[in-house]
Every structure is written in structure tokens, then in C-alpha cells.
Amino acid sequence: MNAGPARHVPAKDITREQAIAILKPSLGKDLRAIAEQYGVTVWKNGRKNKGWAGMTVEQMLGHPQDAAQAPDFGTWELKVVPIVRNAQGHWQVKETMAITMIDPKNVAETPFEHSHLLDKLRALLVCAREWKSDRDDESRLVKLGAFDLADGETFRQVQADYETVQRTIRADGAKALTGWMGHLVQPRTKGPGHGVHTHAFYARTSFVARMLKLTDAD
DNA sequence: CTATGATCATCC
DNA sequence: GGATGATCATAG
């Protein structure tokens with residue numbers, strides 16, 4: 001069973017296709033400038049709001065920020081990831097992509113088919129932004145990638161990764177989780193830091209590249 | 001405190 | 001340079 005409460009779905013949830021239509025005209029535009037327009041904090045007291053780009057794109061889609069552990073737009077999930085040019089001049093995913101928190105009790109007793117992980121991966125819109133430096137003085141929106149976890153092979157691999165996490169928690173507890181587990185999706189620490197040791201599922205960069213359909217032609 | 005939005009810092 | 005573990009701002 002899914003321990004998460006059912007999410008109230010506001011009428012203003014837009015479809016992924018609508019979101020793509022809204023964002024497409026902004027391809028090539030500087031998200032940092034747009035962040036300023038919306039009043040999204042990027043730096044504060046010399047420290048960065050690491051989520052500024054994601055919050056900015058949410059604002060562009062008219063989405064209020066919340067902390068519900070459910071897909072942002074009811075039926076699909078929005079993500080923003082940084083990409084960089086490699087030595088060959090091709091785009092490359094810079095970071096793994098955090099997907100959702102691991103509640104050990106929930107994961108231990110919830111089959112993959114009813115998991116928060118699958119909820120979030122079933123339908124995604126992955127937005128790639130150009131990363132130039134940690135100051136993020138400018139960052140262009142580069143690519144929009146629609147991805148659905150429906151393909152049999154990939155689905156099975158993600159399910160296997162999930163079940164690895166599940167078995168580990170059941171046998172040794174969440175403390176035994178480590179980033180080297182999982183082929184497409186890994187468990188890794190995530191949280192407020194400073195002694196708090198919680199975990200989340202992350203999509204490895206290779207998986208994110210597949211979601212974005214990045215190739216050596218890009 | 002836990003979730004959201006994520007990327008930073010460090011070690012190999 | 002890549003991968004793992006740690007951490008930042010914000011909201012309920």
C-alpha cells in the first residue's frame with residue numbers, strides 16, 4: 001500500500017503538453033533573468049538556493065511551491081537539471097537527479113508498482129539548463145525532455161534497483177543504504193544536513209541523459 | 001521535522 | 001573527472 005495521502009489536485013493543474021507549449025518559447029532564454037522577474041532567491045548571505053532554477057520554471061508554469069510527496073502536476077512530474085559541454089563540445093548531464101525521499105518504513109512495505117518512486121517516474125518533463133559556473137550569473141534553458149517509465153527493459157531495471165533498496169532496508173535498515181547501489185536509480189543521502197541522515201532516490205546521470213535523449217549529436 | 005526545489009564538497 | 005555523501009533555501 002501507499003502510505004502517502006492522496007494529493008488534492010487543483011483544477012489549475014496543466015498537462016505536460018501544455019507545459020511544453022508554455023516553455024518552448026523560452027528555450028535559449030536566460031533562466032537567471034527570469035528568476036529575478038519572479039523574485040526567486042538565488043543567493044542569500046553568500047549561500048545559494050540550489051533549487052532556484054526548478055522554482056523558477058515552476059513559477060513560469062504557474063505552480064505554487066508545496067512539499068507534497070506526489071507528482072507536481074497530478075499526473076506528471078517536473079524536473080530541472082544542469083548540463084555542461086564536455087571536451088568534445090557535446091552536452092553532458094552535470095548532476096544526478098533527486099527524485100523522491102526514501103521513507104524506510106514506506107519503502108519496506110510498498111511494492112514498486114505502488115511506490116512514490118514509480119509515481120514520479122511514470123511521466124516526467126525534464127528541463128535542461130546550461131551550467132556555466134557555480135555563480136549562475138546566467139543559465140539558458142536548453143532542452144525539454146518528455147520521459148515515461150513505460151519501456152519494459154528500463155521499467156524492470158528501475159524496479160530491480162528499488163527492490164535492492166527494499167531488501168537492504170528490511171535486512172539492515174536504512175543506514176546500510178549507499179550510493180553504489182542501483183544501476184539506473186541509486187539511494188543516496190539527502191536532507192538538511194548537519195547530522196540528519198535521510199536518503200532519497202536519485203537518477204544516475206546516464207539515466208538522466210537517456211530521459212533527455214542527449215546523444216553525441218547534441 | 002519532513003517534504004519540496006536541487007547542487008555543492010570532497011575523495012578517489 | 002566522476003561518484004558518493006553533505007548541504008542550501010523554502011514551505012507546511
Side-chain angles (χ1 to χ4, degrees), chain A residues 2-8 10 31-32 34-35 38-74 76-88 90 92-107 115-117 119-120 124-137 139 141 161 165 168 174-209 211:
Chain A
N2 190 328
R7 175 178 182 276
H8 171 64
L31 288 176
R32 178 61 192 271
I34 298 173
Y38 284 112
V40 173
T41 302
V42 178
W43 290 97
K44 185 172 180 175
N45 302 132
R47 291 187 289 206
K48 180 189 260 186
N49 172 12
K50 297 177 181 178
W52 75 266
M55 294 166 69
T56 299
V57 175
E58 282 188 331
Q59 291 284 322
M60 295 170 77
L61 297 177
H63 190 265
Q65 186 172 7
D66 65 42
Q69 192 174 26
D72 300 312
F73 292 87
W76 62 279
E77 173 77 12
L78 176 70
K79 291 289 178 190
V80 178
V81 297
I83 59 176
V84 295
R85 294 242 185 233
N86 65 15
Q88 289 73 43
H90 300 138
Q92 176 174 90
V93 175
K94 178 176 180 292
E95 298 282 349
T96 54
M97 187 179 81
I99 304 169
T100 194
M101 293 301 291
I102 295 173
D103 170 10
K105 184 174 187 301
N106 176 270
V107 172
S115 64
H116 289 302
L117 179 62
D119 274 352
K120 298 249 182 175
L124 277 178
L125 178 58
V126 183
C127 305
R129 71 179 183 94
E130 175 186 36
W131 187 94
K132 299 181 85 168
S133 79
D134 65 1
R135 303 196 329 283
D136 276 329
D137 288 334
S139 179
L141 181 62
D161 290 344
V165 170
T168 301
K175 287 180 178 58
L177 295 173
T178 156
W180 50 256
M181 298 171 173
H183 291 83
L184 298 180
V185 172
Q186 62 177 171
R188 230 165 79 228
T189 59
K190 178 187 193 293
H194 309 287
V196 180
H197 295 123
T198 45
H199 296 79
F201 288 109
Y202 290 79
R204 292 187 179 276
T205 53
S206 57
F207 190 19
V208 179
M211 294 176 183

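Quick note on labels: first sequence line is chain A, next is B, and so on, each numbered from 1. Because only heavy atoms are used, hydrogens play no part in the values below, and waters and symmetry mates are left out as well, while side chains stay in.
- Within 6.0 Å of atom CZ in R135(A), 12 or fewer heavy atoms from other residues, nucleotides or ligands are found, so the atom counts as exposed in its surroundings.
- The nucleotide whose nearest atom lies closest to any side-chain atom of W131(A) is, among dC8(B), dA3(B), dG5(B), dC8(B).
- The separation between F73(A) atom CZ and dT4(B) atom C1' is 13 Å, rounded to whole Å.
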Side chains of residues 92-100 of chain A: which donor-acceptor partners sit under 3.5 Å, not counting sequence neighbours?
from: T96(A); atom 1: OG1; to: R188(A); atom 2: NH1; distance (Å): 2.9
from: T96(A); atom 1: OG1; to: R188(A); atom 2: NH2; distance (Å): 3.4
from: T100(A); atom 1: OG1; to: Q69(A); atom 2: NE2; distance (Å): 3.0

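- In this entry the distance linking CD of E77(A) with C1' of dA3(B) reads 12 Å, nearest Å.
- Counting only distance, with no hydrogens or angles, the side chain of D119(A) and the backbone of A70(A) share no donor-acceptor pair below 3.5 Å.
- If you measure from atom CE of M97(A) to atom P of dG5(B), you get 10 Å, rounded to the nearest angstrom.
- One atom, NZ of K105(A), and another, C1' of dT2(B), lie 16 Å apart when rounded to the nearest Å.
- Taking 4.0 Å as the cut-off between side-chain N and carboxylate O, R129(A) and D136(A) count as a salt-bridged pair.
- More than 12 heavy-atom neighbours from other residues, nucleotides or ligands sit within 6.0 angstrom of NE2 on H90(A).
- D119(A) places its CG atom 15 Å from the C1' atom of dT4(B), with the value rounded to the nearest Å.
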What string of B, S and - do you get for nucleotides 1-12 of chain C, 5' to 3', if B is base contact, S is sugar-phosphate-only contact and - is no contact with any protein heavy atom under 4.0 Å? -SSBBBBBSBS-

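- Sequence order on DNA chain B of the closest nucleotides to I102(A) and A53(A) puts I102(A) first from the 5' end.
- Taking atom CZ on R135(A) and atom C1' on dC8(B), their separation rounds to 16 Å, with Å as the unit.
- Side-chain contact between Y38(A) and M60(A) is present, with at least one heavy-atom pair separated by less than 4.5 Å.
- When the C1' atom of dA3(B) is taken as reference, atom CG of N106(A) falls 13 Å away, rounded to whole Å.
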